[in-house]
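A short worksheet on the structure shown next.
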Amino acid sequence: MKYIQKVIPEAKTPEEWNNLPASKLRLKLFDYLRKNYSGYTFINKDLNIPITVSVKSCRKTAYGEAMYIKKAASVLILKEIVQNSKYNNFGERKDNDSPSVIGYLNFKCKCVIDGQKECVRLSIQFQKGGKFYYNIEVNKKVCTT
């Protein structure tokens, strides 16, 4: 049976995050992720897999790649995004990945962030031993799933 996303998570950016420089926003975001999600495992409803948030995942989300306010706000609803996202495709492991990495399961989730419809991309690192770890991006493109 094809999975249909029934829950549309909603987030509002905290007022104090709006005018922070990226370096301070990254610090706030890492602290928030670490305190609220590190060590937690959530079950994705589409594939019924457990996805764990590790300190490494928190660090990659906060300090890896671009930082922007919608990405920061999306972590406020991380649990709902992980649970309700829809599987999109599989990505091959990268040359610089640890030997324990098998590849990446990519998901999409429709969300509302600061009153606007957004598409969040969730990249789950699939490791040997059946472990799954997350990373998140808010897409600039329109969400079609």
Side-chain angles (χ1 to χ4, degrees), residues 1-18 22 25-145:
M1 176 183 259
K2 184 177 177 181
Y3 175 77
I4 297 171
Q5 182 183 338
K6 295 178 182 170
V7 175
I8 307 295
E10 292 189 42
K12 175 141 180 49
T13 304
E15 201 60 42
E16 65 271 12
W17 289 11
N18 278 326
L25 184 57
R26 288 178 188 279
L27 191 60
K28 277 226 182 270
L29 191 59
F30 178 66
D31 191 49
Y32 181 87
L33 284 163
R34 193 176 42 80
K35 286 180 180 175
N36 292 285
Y37 296 116
S38 184
Y40 284 87
T41 299
F42 307 114
I43 304 296
N44 173 265
K45 293 176 185 176
D46 188 10
L47 297 185
N48 198 33
I49 59 172
I51 297 170
T52 301
V53 181
S54 66
V55 172
K56 185 177 178 181
S57 299
C58 297
R59 189 174 294 109
K60 176 144 175 58
T61 298
Y63 293 105
E65 306 200 15
M67 176 51 60
Y68 42 95
I69 202 68
K70 289 181 183 183
K71 179 178 179 178
S74 72
V75 303
L76 301 172
I77 52 173
L78 180 62
K79 177 181 178 181
E80 292 83 3
I81 290 172
V82 170
Q83 291 174 331
N84 295 292
S85 59
K86 180 180 177 183
Y87 176 73
N88 189 44
N89 62 37
F90 181 82
E92 297 295 327
R93 68 182 301 281
K94 300 170 185 102
D95 290 338
N96 61 343
D97 280 336
S98 155
S100 65
V101 175
I102 295 170
Y104 296 86
L105 302 175
N106 296 307
F107 294 80
K108 287 185 179 179
C109 186
K110 294 176 186 176
C111 295
V112 174
I113 300 175
D114 295 332
Q116 288 191 301
K117 292 179 186 177
E118 302 290 348
C119 188
V120 172
R121 184 181 64 82
L122 190 66
S123 178
I124 306 300
Q125 189 181 74
F126 180 26
Q127 295 187 354
K128 292 178 182 172
K131 294 181 181 179
F132 300 91
Y133 296 101
Y134 96 100
N135 186 33
I136 195 166
E137 296 292 333
V138 178
N139 285 343
K140 307 287 188 245
K141 299 175 186 172
V142 176
C143 191
T144 58
T145 60

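FYI, the numbering just counts along the sequence from 1. Note that the structure is predicted; figures quoted are calculated from it, not measured.
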Can a donor-acceptor pair be found between the side chains of [X] and [Y] at a distance below 3.5 Å?
X     : Y      : answer
Asp97 : Tyr104 : yes
Lys45 : Gln5   : no
Ser85 : Asn44  : yes
Ser54 : Thr52  : no

Atom pair [atom1]/[atom2] of [X] and [Y] - distance to nearest 0.5 Å:
X      : Y      : atom1 : atom2 : value
Glu16  : Leu25  : CD    : CG    : 10.5 Å
Arg121 : Asn88  : CZ    : CG    : 9.5 Å
Ile102 : Gln127 : CD1   : CD    : 8.5 Å
Ile4   : Lys6   : CD1   : NZ    : 7.0 Å
Ser57  : Ile51  : OG    : CD1   : 10.5 Å

Test item: [X] and [Y] side chains (from C-beta on) under 4.5 Å apart, heavy atoms:
X      : Y      : result
Cys111 : Cys119 : no
Leu33  : Leu78  : yes
Leu122 : Cys109 : no
Lys71  : Thr61  : yes

Please check if the number of heavy atoms outside [X] that lie under 6.0 Å from its [atom1] is greater than 12.
X      : atom1 : answer
Lys131 : NZ    : no
Asp95  : CG    : no
Tyr40  : OH    : no
Glu92  : CD    : no

Nearest heavy-atom pair of [X] and [Y]: which atoms, and what distance?
X     : Y      : answer
Gly91 : Asn106 : N-ND2, 3.8 Å
Leu76 : Lys12  : CD1-O, 3.4 Å
Glu10 : Ile77  : O-CG2, 3.1 Å
Ser74 : Ile81  : O-CD1, 3.5 Å
Ala72 : Leu29  : O-CD1, 3.7 Å
Ala73 : Ala11  : O-CB, 3.5 Å

Ignoring hydrogens and geometry, is there a side-chain-to-backbone donor-acceptor pair from [X] to [Y] under 3.5 Å?
X     : Y      : answer
Arg93 : Ser100 : no
Arg26 : Ala62  : yes
Tyr3  : Asn84  : yes

Inset, instruction - For the pair Lys28 and Asp31, find out whether any cationic side-chain nitrogen is under 4.0 Å from an anionic carboxylate oxygen. - result: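 Salt bridge between Lys28 and Asp31, a charged N being under 4.0 Å from a carboxylate O: no.
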
Inset, instruction - On the 0 to 90° scale, with breaks at 30° and 60°, tag the Phe126-Phe132 ring pair as parallel, tilted or perpendicular. - result: parallel

